[in-house]
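Position 1 is the first residue of the sequence; numbering continues from there. Scope of the values below: all heavy atoms of this structure, side chains included, with no hydrogens, waters or symmetry mates.
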Amino acid sequence: MSDAQESTGFEYGHDGPKSIVVGVDGSDSSWRAAAYAAGLARRQRSLLVLVYVQPIATASWGQAGISLVETGQQIADELLDYVRTSAARFGDREHVRWEFRTAQGDPYNGLIAVAEQLRTDAVVVGASENAGHRIAGSVAVRLVKAGRWPVTVVP
């Protein structure tokens with residue numbers, strides 16, 4: 001036992017990440033991020049947590065809000081079906097433990113909520129494909145600035 005372990009008596013975590021959170025929204029960059037995170041999870045024997053954040057509908061949106069919630073759930077269901085199909089295609093030769101979660105709100109706060117709940121060790125996101133994010137800041141940039149986890153941004 002090293003001197004550092006003797007002095008603390010407790011080591012948080014284990015070798016490699018216990019869980020890796022990846023944001024998915026159906027965009028090409030989010031699927032590249034998911035593929036990259038799956039490779040990390042497989043090699044590190046980590047749990048891969050795929051997260052889709054559904055927008056929140058407010059009462060002021062009226063019927064459009066109800067439609068938005070239904071659409072968000074439909075997108076989540078389609079993403080989950082795609083992930084299941086992809087995982088089945090690789091079978092045991094590429095075994096990755098994974099789970100799919102949804103959150104509500106904006107993508108930044110939704111990913112943070114899931115990552116904090118799981119006490120995750122790493123977050124992976126795709127680079128924004130929105131030109132406006134160069135000015136206002138993308139989810140990836142905001143996660144990096146938060147400085148809570150190692151964040152990998154996949155182009």
Just so I know, are the side chains of Ile112 and Arg148 near enough to count as touching, which here means a heavy-atom distance under 4.5 Å?
yes
Which atom names give the shortest non-hydrogen contact between Val153 and Ala140, and what distance separates them?
CG2-CB, 3.6 Å
Please confirm whether the backbone N or O of Pro155 pairs with a side-chain atom of Arg32, one donor and one acceptor, at under 3.5 Å?
yes
So for atom OH, which belongs to Tyr36, do other residues, nucleotides or ligands contribute more than 12 heavy atoms lying within a distance under 6.0 Å?
no
Minimal non-hydrogen separation, Ala33 against Val125, with atom names
CB-C, 3.5 Å
Is any side-chain heavy atom of Leu47 closer than 4.5 Å to one of Glu99?
yes
Show the numbers, then the answer: is there a side-chain contact (heavy atoms from CB on, under 4.5 Å) between Val124 and Val154?
CA-CA 7 Å; Val124 178; Val154 177; 3.8 Å; yes
Rounded to the nearest 0.5 Å, how far does OG1 of Thr102 lie from CD of Gln54?
5.0 Å
Measuring from Leu111:CG to Arg142:CZ, what's the distance to the nearest 0.5 Å?
10.5 Å
In terms of heavy-atom contacts, Lys18 and Leu118 come closest through NZ-O, 4.2 Å
Return the CD1 to CG distance between Ile20 and Leu40, rounded to the nearest 0.5 Å.
5.0 Å
Interatomic distance, Gln104 atom CD to Asn109 atom CG [nearest 0.5 angstrom]:
13.0 Å
Looking at Gly23, is its backbone amide N or carbonyl O close enough to the side chain of Ser30 to form a donor-acceptor pair, meaning the two atoms are under 3.5 Å apart?
no
Mind listing the closest non-hydrogen atom pair of Gly26 and Trp31 along with its distance?
O-NE1, 3.4 Å
What is the distance from atom CG of Leu48 to atom CZ of Arg97, rounded to the nearest 0.5 Å?
10.0 Å
CH2 of Trp149 to OG1 of Thr120, rounded to nearest 0.5 Å, is 8.5 Å
What are the two closest non-hydrogen atoms of Ala34 and Val24, and how far apart are they?
CB-CG1, 4.0 Å
Are a donor atom and an acceptor atom from the side chains of Ser19 and Ser46 found within less than 3.5 Å of each other?
no
What one should report as the nearest heavy-atom pair of Val22 and Ala37 is CB-CB, 4.0 Å
So Phe100 and Leu79, do their side chains get closer than 4.5 Å, heavy atoms only?
yes
